[in-house]
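Working notes, beginning with the structure itself.
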Amino acid sequence: MYQLINNYDGNESRYIKMLSTGILIPKVADNTDYQEYLAWLAEGNEPLPADEP
Amino acid sequence: MSTIKVNRIENTSTTDGGVSIDTDGHVTIDGQQLPTAGPLSNRNLIINGAMTVSQRSTSNAGQTATAYRACDRFQTGIDSLGTWTVSQAASAPAGFSKSLKMECTTANASPSAGSFAAIFYTIEAQDLQLLNYGTANAEVVQLSFWVRSNKTGSASFAVRQRDNSDKLFSKVYNFNSTADTWKKIEIEIPADTAGVINDDNGQGLTLAWWLNSGSNFTGGGATTGWEALDNTKRNPTNAGIGGTVNDYFEITGVQLEIGSKATPFEHESYGQTLAKCQRYFQYFPAGAFGRWNSSTSAELGSSFSVPMRTTPSLSINPNDNVCNIFRVGITTNQCTVSSLNNAYMNPTGGVAALTVSSTASTPNTGDGAAYDPDGDSHVIFCSAEL
């Protein structure tokens, strides 16, 4: 499961978090962790929304 | 112009050494094979082939899933096939001091169809352009490595090339005729005149040493040259390592080079190898400096000593979730990091935001924060692996 992250200003971060490992993953096409996230999304999954500030 | 045609040149008082020229014109000097193609140095396309660099950990017990663990750049592939200890072992053949070891601690004698245990190594695509794949000038390459195992018999090696067309080359080799003995293996990988490898920072070739697998990956026989991917040809002869507790597989001295002959392993200094590895994995830099945003959160920024392949993923060392972040002016303030909250990174560095669950002294918002990892354990991992 993944979760979106917001910056302090409320805008969406350039990173997402994998909750099982705590790994922060950049939304960058050639990062292999992000490629796995995109594959997970393609299976119909959805990340959790970002925590409220 | 004259040509001297001889097979060997040696001293009148010796019976070996000297210069030998084989029937293909390839030259050996005093028993050392000279390269038949490519450069005289920087020949090895494998980083950390001697297994000297192991930044994440030197030993990881209880492993049941695919991940990068001990020796840098080498990924241990495990899927529903037992439990393993993955380590940088001191066991090695003459001329080497380290090896990558997978040792089974919970066996699986009857792997399910999709299960496997293997060692993977992926080469960045832009570093393979000298192979000229996809052209009439495509190069033959030689793979050489040392292996040791408690098992004997045959095992499978495979190479996968995903760009443009997902292609496979696989080969069965005799990895050991005597248990617990190092053996050097040489495998020739044919030129691929059809499969273009993109000139980018993505995956080029993935090498795979198969230890064990279920039926999804075996039974199809080895390929005859490069073929379209067929999963049943990836592990054509299953070594079955991991079918019994204490089964192990050690590997070192991995070298991949262009040409029709394997040459002696190209050793390099630890520092050279470490710098190459850091393109794919490194610690968040020591000395990163920032500020406390509250008594339990801080932001730290720094630059990498080696630019990474791409923007890295960040994680706390899973073997030790303690991280040293100091309140500037307070000498002892070891923090237990509870999470990485956000980051603003690129391949050359950036900022990480952390939450800590305990501090030795309470920092105030706006206090300076400094990052001081304690050796190799209290660190933040930055990963841009392929």
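Predicted model only: the values in this text are computed from it and were never measured. All chains are named by letter (A, B, ...) in the order of the sequence lines, taking the proteins before the strands, and each is independently numbered beginning at 1.
- Within the 4.5 angstrom heavy-atom criterion, atoms from both the backbone and the side chain of B:Ala343 approach chain A.
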Audit row: B:Leu205, B:Leu45, side-chain contact (heavy atoms from CB on, under 4.5 Å) steps and yes/no: CA-CA 11 Å; B:Leu205 296 176; B:Leu45 296 167; over 6 Å; no

Can you list the donor-acceptor atom pairs spanning chain A and chain B that come in under 3.5 angstrom?
{"unit_1": "A:Asn7", "atom_1": "OD1", "unit_2": "B:Asn342", "atom_2": "ND2", "d": "2.8"}
{"unit_1": "A:Tyr8", "atom_1": "OH", "unit_2": "B:Asn293", "atom_2": "ND2", "d": "2.9"}
{"unit_1": "A:Tyr8", "atom_1": "OH", "unit_2": "B:Glu299", "atom_2": "OE2", "d": "3.3"}
{"unit_1": "A:Ser13", "atom_1": "OG", "unit_2": "B:Asn342", "atom_2": "OD1", "d": "2.5"}
{"unit_1": "A:Tyr15", "atom_1": "OH", "unit_2": "B:Pro312", "atom_2": "O", "d": "2.8"}
{"unit_1": "A:Lys17", "atom_1": "NZ", "unit_2": "B:Leu340", "atom_2": "O", "d": "2.9"}
{"unit_1": "A:Leu24", "atom_1": "N", "unit_2": "B:Leu314", "atom_2": "O", "d": "2.8"}
{"unit_1": "A:Leu24", "atom_1": "O", "unit_2": "B:Leu314", "atom_2": "N", "d": "2.9"}
{"unit_1": "A:Asp30", "atom_1": "O", "unit_2": "B:Arg309", "atom_2": "NH1", "d": "3.2"}
{"unit_1": "A:Asp30", "atom_1": "O", "unit_2": "B:Arg309", "atom_2": "NH2", "d": "2.8"}
{"unit_1": "A:Asp30", "atom_1": "OD1", "unit_2": "B:Thr310", "atom_2": "OG1", "d": "2.4"}
{"unit_1": "A:Asp30", "atom_1": "OD2", "unit_2": "B:Asn201", "atom_2": "ND2", "d": "2.8"}
{"unit_1": "A:Asn31", "atom_1": "OD1", "unit_2": "B:Ser313", "atom_2": "OG", "d": "3.4"}
{"unit_1": "A:Asn31", "atom_1": "ND2", "unit_2": "B:Thr311", "atom_2": "O", "d": "2.9"}
{"unit_1": "A:Asn31", "atom_1": "ND2", "unit_2": "B:Ser313", "atom_2": "OG", "d": "3.2"}
{"unit_1": "A:Thr32", "atom_1": "OG1", "unit_2": "B:Glu385", "atom_2": "O", "d": "3.1"}
{"unit_1": "A:Asp33", "atom_1": "OD2", "unit_2": "B:Ser313", "atom_2": "OG", "d": "2.6"}

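- One distance of note links CD1 of B:Ile316 with CZ of B:Phe381; it measures 9.5 Å at 0.5 Å rounding.
- A heavy-atom distance below 4.5 Å is found between the side chains of B:Leu354 and B:Ile380.
- Contact of the B:Ile46 side chain with the B:Phe74 side chain is registered, since non-hydrogen atoms from C-beta on lie closer than 4.5 Å.
- With a 4.5 Å cut-off on non-hydrogen atoms, A:Ile5 touches chain B through its side chain but not through its backbone.
- Put simply, CD1 on B:Ile123 and CG on B:Leu131 are 8.0 Å apart, with the number rounded to the nearest 0.5 Å.
- A pairwise comparison of heavy atoms in B:Leu168 and B:Ala158 identifies CD1-CB, 4.0 Å as the closest pair.
- The CG atom of A:Leu24 lies 10.5 Å from the SG atom of B:Cys382; values are rounded to the nearest 0.5 Å.
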